[in-house]
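The structure under discussion appears below in the form of structure tokens.
Computation of the quantities below employed the complete heavy-atom set of this structure, encompassing side-chain atoms and omitting hydrogens, waters and symmetry-equivalent molecules. We name chains A, B, ... by the order of the sequence lines, and we start the count at 1 in each one.
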Amino acid sequence: MPELPEVETVVRALSGVLPGRRLTCIETFRDAIRLPLASLSDPDLLRRKIIAVRRRARYPIIELTGKRALLLHLGMTGTIRVVPATEPRRKHEHVILHLDDGNTCRFDDPRRFGFVIACRLTAPGADPDELADLGPEPLSDAFTAEYLHTRLCGVKQKIKTALMDNAIVVGIGNIYANESLFRAGISPLRVAEKVTLPQCRKLVGQVKQTLQAAIRAGGTSISDFHGVDGAEGKFVRELQIYGKAGQPCPRCQSPIRRLVLGGRGTFYCSRCQR
DNA sequence: AGAGATACCTGGGAGC
DNA sequence: TGCTCCCAGGTATCTC
């Protein structure tokens, strides 16, 4: 499943091959995935040159000339690949961008939780308005203990829910929220505003370390994709708590608990996490 | 307004 | 073995 490290990897790969190419045609194969695909039919997008591929949170942005851009999200199962136009279309390829060098950039997503939309930019290099409400990047200098502590002031949600709120900090999914809270020794059930500044220090540090470890491990955090090219994610081996209900806590050996928070599986040690 | 719940979707695993 | 059921996840949107 694409988490922030995977999106970063995809964006780096695309930025090596797409800039400089022109869009000659955009094919869509259904009306909508997570969002309608109608905005891709705008003829104004064609013949424009791709000038950059970048990332904000988990959204890849393919920037075109004329302050236009394609905004993407990989959802749960989305993948992007660049292959020759002659390659047969796969079952779940919903969008195919045709390039002026005979290649295509294809968006494949079996579960259709992702999307591709066309948008406008206020200036070259700017983020689209659609991303205006996003919080800071977790690996940036803007994500500090002081920031988090201030931001959690008055928040009655559980800390785990708050940590996954993109308005507070972007890119922390369910797996990294569980792992970071365990490593910081903070219960996912703790009310967000009750998390102290020293605890925020631990938490911010563990969020950064966990994400960086995932990037070093090659990204993929669960083994959804084994088989195709054997590219099973290595970070799954480093998980300490996620998916381990009933198993002994790696720190104190008491059984790991599971409950559902905000509709998501939540794993924690009631002894190590307070 | 803030917080919680729900819809969206399908492959894969568990259980019968 | 083959069938059914349930679950996983992020985000937009709804409801209270």
Side-chain angles (χ1 to χ4, degrees), chain A residues 1-8 10 29-39 55-61 71-80 90-95 107-117 119 127-135 137-138 150-181 188-195 207 211 214 219-228 232-233 235-236 239 241-246 258-267:
Chain A
M1 178 200 50
E3 296 260 359
L4 188 142
E6 289 78 23
V7 178
E8 177 65 23
V10 166
F29 297 91
R30 48 191 312 127
D31 290 342
I33 39 181
R34 181 71 185 84
L35 296 174
L37 294 171
S39 67
R55 172 188 72 76
R56 173 74 173 103
R58 268 179 272 200
Y59 301 88
I61 301 168
L71 179 64
L72 294 79
H73 198 287
L74 300 178
M76 282 280 298
T77 51
T79 54
I80 302 172
R90 287 183 183 172
K91 184 180 175 186
H92 299 293
E93 282 176 358
H94 308 304
V95 179
F107 182 82
D108 187 311
D109 186 5
R111 289 188 204 173
R112 290 184 247 152
F113 267 36
F115 64 76
V116 185
I117 58 171
C119 57
D127 284 340
D129 287 347
E130 284 83 348
L131 304 184
D133 297 331
L134 293 178
E137 293 284 331
T150 304
R151 203 64 177 70
L152 295 180
C153 185
V155 173
K156 315 286 184 197
Q157 293 172 301
K158 309 279 193 287
I159 181 61
K160 182 181 174 236
T161 311
L163 206 53
M164 294 172 66
D165 181 346
N166 279 324
I168 295 176
V169 59
V170 302
I172 301 176
N174 194 38
I175 294 171
Y176 294 126
N178 277 296
E179 290 294 315
S180 303
L181 285 165
L189 302 174
R190 176 174 283 264
V191 173
E193 67 175 354
K194 302 281 189 191
V195 178
V207 163
L211 287 173
T220 314
S221 38
I222 55 176
S223 51
D224 265 20
F225 300 123
H226 54 76
V228 182
E232 182 183 330
F235 191 73
V236 68
L239 295 176
I241 196 117
Y242 180 82
K244 298 188 186 293
R258 178 187 188 277
L259 52 78
V260 175
L261 212 59
R264 298 291 168 253
T266 301
F267 303 86

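Here the C1' atom of nucleotide C:dA12 and the CE atom of A:M76 are 17 Å apart, to the nearest Å. In this structure, the CG atom of A:D109 is 11 Å from the P atom of B:dC9, given to the nearest Å. For the pair A:L71 CG and C:dG10 C1', the interatomic distance rounds to 14 Å; values are reported in whole Å. Between the CZ atom of A:R58 and the P atom of C:dT11 there is a distance of 5 Å, rounded to whole Å. As a whole-Å value, the separation of A:E130 CD from C:dT13 P is 11 Å. Put simply, NZ on A:K91 is 15 Å from P on B:dC9, counting in whole angstrom units. Taking atom CG on A:L261 and atom P on C:dG10, their separation rounds to 13 Å, with Å as the unit. Atom pair A:D165:CG and B:dA1:C1' shows a separation of 14 Å (rounding to whole Å applied).
For A:N166, no side-chain nitrogen or oxygen approaches OP1 or OP2 of C:dG10 to under 4.0 Å. For the pair A:H73 and C:dG10, the criterion of a side-chain N or O lying under 4.0 Å from OP1 or OP2 is not met. The side chain of A:H92 places no N or O atom within less than 4.0 Å of a non-bridging phosphate oxygen (OP1 or OP2) of B:dC9.
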Is there any protein nitrogen or oxygen under 3.5 Å from a nitrogen or oxygen in nucleotides 2-8 of chain B, and what are the pairs?
| residue | atom | partner | partner atom | Å |
| --- | --- | --- | --- | --- |
| B:dA3 | OP1 | A:K156 | N | 2.6 |

- Message: Working note: A:I61 + A:L131, criterion side-chain contact (heavy atoms from CB on, under 4.5 Å); need CA distance, chi angles, decisive distance, verdict.
- Response: CA-CA 11 Å; A:I61 301 168; A:L131 304 184; 4.0 Å; yes
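Not counting sequence neighbours, A:K194 has no partner by the side chain to side chain donor-acceptor pair (under 3.5 Å) test. Remark: A:H94 engages A:R30, A:I33, A:H92, A:D109, A:R112 in a side chain to side chain contact (heavy atoms under 4.5 Å, CB included) (not counting sequence neighbours).
A:N178 places none of its side-chain heavy atoms less than 4.5 Å from the side chain of A:L239. Taking 4.5 Å as the limit, every side-chain heavy atom of A:L4 sits out of range of all side-chain heavy atoms of A:Y176. Side-chain contact check for A:R190 versus A:L181: every heavy-atom pair is 4.5 Å or farther apart. Looking at A:R55 and A:E137, their side chains come closer than 4.5 Å, going by heavy atoms from C-beta outward.
Among the nucleotides B:dC9, C:dG10, C:dC7, the one closest to the side chain of A:R258 is C:dC7.
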